[in-house]
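This report concerns only the one structure given below.
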Protein chains: 2
Amino acid sequence: MGRWEPNTRERLARAALELFGERGYEQTTVAEIARRAGLTERTYFRHYADKREVLFGGSDVLRKVFATAVAEAPASDAPIDVVAAGLEAVAAVFPGRETARQRQSVVGSHPELQERELIKLATLSAAVTEALHARGVADPTAALAAEAGIAVFKIGYERWIAPAEHRELADLLHASLTELKAVTAGSR
Amino acid sequence: MGRWEPNTRERLARAALELFGERGYEQTTVAEIARRAGLTERTYFRHYADKREVLFGGSDVLRKVFATAVAEAPASDAPIDVVAAGLEAVAAVFPGRETARQRQSVVGSHPELQERELIKLATLSAAVTEALHARGVADPTAALAAEAGIAVFKIGYERWIAPAEHRELADLLHASLTELKAVTAGSR
DNA sequence: AGCACTGATGTCAGGGACTGTCATCGCGTA
DNA sequence: TACGCGATGACAGTCCCTGACATCAGTGCT
């Protein structure tokens, strides 16, 4: 038994998040994660490239959702509005806030995990830039709009998982975008 | 012999860059780097926290130079001009272009090294933000000015090490900043 | 039912990154 | 000279990660 249980990746991700919360990231071995998921260390590495990656399984979905929304936005929309549509789409598919908080408390206290998060965001930015290119947006504008979108996502997401925060992600992303517009348009 | 040779860190860094260029990053072991520098693997890890860090020894200097220049800029300067002063100071202390190109050819082809570069830039951005705070610049402005400065540095540096590029780093940083100003001020 | 085929998993061996511990060495100083 | 201090060497050990091969569950075909 144990073989052929479904949702292997998800079981591994859940086991990892639990163990990281219980003992800490460094004190948890990959073998332990696999064992809690009813699997072997070798099998873990067939689903995740390394020990860190298990915390970032959602970034693929995030990238696809964002890029698809950008690609399918009305042709008449300005780049910044296209990015806003991407942010809305992202907010709609995001998992629970408690899981996000657990995850962030682990990532936030380990530089090697922050490194991974940074490169995921950079990849996301590149994907949005490319999606804008496909709409005919030229390069300085496309890259800047993408960077701005990622910055808004970052800030809105941080707010969303902050303690005692109850507003929805969609609202916080919208508010953050509005503030960015105000700052860049301000008389500075 | 071998003990008490001076410039241990620099010797390790040079040996690493040579070996990474000759055999590639993954095909080089830390023991080999140490041996070429006339040292032991264990000693390597007393000077650099991990295998990647040996390629980023200059980031400390970079951060200090940038932050100091920001702190010492004329009090009347606007935030963006303060950042410009920091960029000038950075350009003045940068090592040779050929070394930078070697280094970049290694970093550019290994995601784990790009991760490290991203977190170094994030740290630099945070240091600049803090230096601006110390000048009395408030937070949305300080963080945005710092981010803008880092973006300019990134782009200018990329141009500087591009093949067939002969202009000086200072000129390229200046040009990039000018272009950023044009983009953000443009009728978009 | 019996059979081959495919894909996911288990098992095993091994290299390389990184750490803790203790001994040793070179140098300055009393 | 004796002593102390900081840097290095030597050694053992853990964990991350990989390659190679065997094994099992399910599928389609006969």
Side-chain angles (χ1 to χ4, degrees), chain A residues 1-57 60 106-107 109-117 119, chain B residues 1-57 106-107 109-117 119-120:
Chain A
M1 99 197 67
R3 285 229 224 198
W4 277 194
E5 303 259 346
N7 304 114
T8 310
R9 278 178 67 91
E10 287 70 19
R11 268 161 49 217
L12 282 167
R14 181 165 23 252
L17 195 55
E18 289 174 10
L19 284 166
F20 293 163
E22 293 171 14
R23 323 185 184 175
Y25 174 76
E26 290 172 348
Q27 283 65 43
T28 302
T29 72
V30 174
E32 289 168 343
I33 297 170
R35 208 158 59 86
R36 177 165 299 198
L39 295 165
T40 307
E41 184 183 19
R42 191 65 185 85
T43 298
Y44 172 96
F45 285 108
R46 290 195 179 99
H47 288 272
Y48 295 102
D50 55 43
K51 184 180 175 183
R52 302 178 241 169
E53 195 64 16
V54 71
L55 284 169
F56 299 87
D60 255 23
V106 177
V107 173
S109 52
H110 293 278
E112 48 188 306
L113 296 173
Q114 294 166 30
E115 288 184 348
R116 182 59 50 89
E117 186 141 276
I119 204 169
Chain B
M1 98 199 66
R3 284 227 225 201
W4 278 191
E5 303 259 347
N7 304 114
T8 311
R9 277 178 67 91
E10 287 69 19
R11 268 161 51 218
L12 282 167
R14 180 165 24 252
L17 195 55
E18 288 174 11
L19 284 165
F20 292 164
E22 293 170 15
R23 323 185 184 175
Y25 174 75
E26 290 172 349
Q27 282 65 44
T28 303
T29 72
V30 173
E32 289 168 344
I33 297 170
R35 207 159 58 84
R36 176 164 299 197
L39 296 164
T40 308
E41 184 184 19
R42 190 64 185 88
T43 297
Y44 172 95
F45 284 108
R46 289 196 180 97
H47 289 272
Y48 294 102
D50 57 41
K51 184 179 175 185
R52 304 178 238 167
E53 195 65 15
V54 71
L55 284 169
F56 299 87
V106 177
V107 173
S109 51
H110 294 277
E112 47 187 306
L113 296 174
Q114 293 165 31
E115 288 184 349
R116 183 59 50 89
E117 187 142 275
I119 205 171
K120 293 293 184 188

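Residue numbering restarts at 1 for every chain, and letters A, B, ... go by the order of the sequence lines. Since this is a predicted model, take the numbers as computed values, not measurements.
- Between B/His110 atom NE2 and C/dA17 atom C1' the separation is 16 Å, expressed in whole Å.
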Original post:
Reading nucleotides 11-17 of chain D 5' to 3', which nucleotides get B (base under 4.0 Å from a protein heavy atom), which S (sugar-phosphate only), which -?
Top reply: -----SB
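- For A/Thr8, a side-chain nitrogen or oxygen approaches OP1 or OP2 of C/dT9 to under 4.0 Å.
- In this structure, B/Tyr25 and B/Val107 have side chains that are not in contact, with every pair of non-hydrogen atoms separated by 4.5 Å or more.
- A sub-4.0 Å separation between OP1 or OP2 of D/dT8 and a side-chain N or O of B/His47 is present.
- Proximity of B/Arg52 to B/Glu117: side-chain heavy atoms (C-beta onward) are nowhere separated by under 4.5 Å.
- Residue-level contact check: A/Thr40 touches the bases, meaning some heavy atom is under 4.0 Å from a base atom.
- Listed by first and then second residue, the salt bridge (Lys or Arg N to Asp or Glu O under 4.0 Å) pairs that reach into residues 23-38 of chain B are B/Glu18-B/Arg36, B/Glu22-B/Arg36, B/Arg23-B/Glu32, sequence neighbours excluded.
- To the nearest 0.5 Å, atom CD1 of residue B/Ile33 and atom CG of residue B/Leu17 are 10.0 Å apart.
- At the phosphate of C/dT9, neither OP1 nor OP2 sits under 4.0 Å from any side-chain N or O atom of A/Thr43.
- Summarising the geometry, the separation between CD on B/Glu32 and P on C/dC18 is reported as 15 Å, rounded to the nearest angstrom.
- Residue pairs meeting the side-chain hydrogen bond (donor to acceptor under 3.5 Å, both in side chains) criterion with at least one partner in residues 37-51 of chain A, sequence neighbours excluded, are A/Asp50-A/Arg116.
- Per the geometry, CD belonging to A/Glu112 stands 12 Å off C1' belonging to C/dA17, to the nearest Å.
- Within the 4.5 Å cutoff, the side chain of B/Phe20 has heavy atoms near those of the B/Val54 side chain.
- Every residue two or more places apart in sequence or in another chain was checked for a salt bridge (Lys or Arg N to Asp or Glu O under 4.0 Å) with A/Glu112, and none qualifies.
- Here C/dT9 presents its C1' atom at 12 Å from CG of A/Leu12, a figure rounded to the nearest Å.
- Residue B/Arg46 contributes atom CZ, which lies 15 Å from atom C1' of D/dC5 at whole-angstrom precision.
- Summarising the geometry, the separation between CG on B/Asn7 and C1' on D/dA7 is reported as 15 Å, rounded to the nearest angstrom.
- B/Leu39 places its CG atom 17 Å from the P atom of C/dC25, with the value rounded to the nearest Å.
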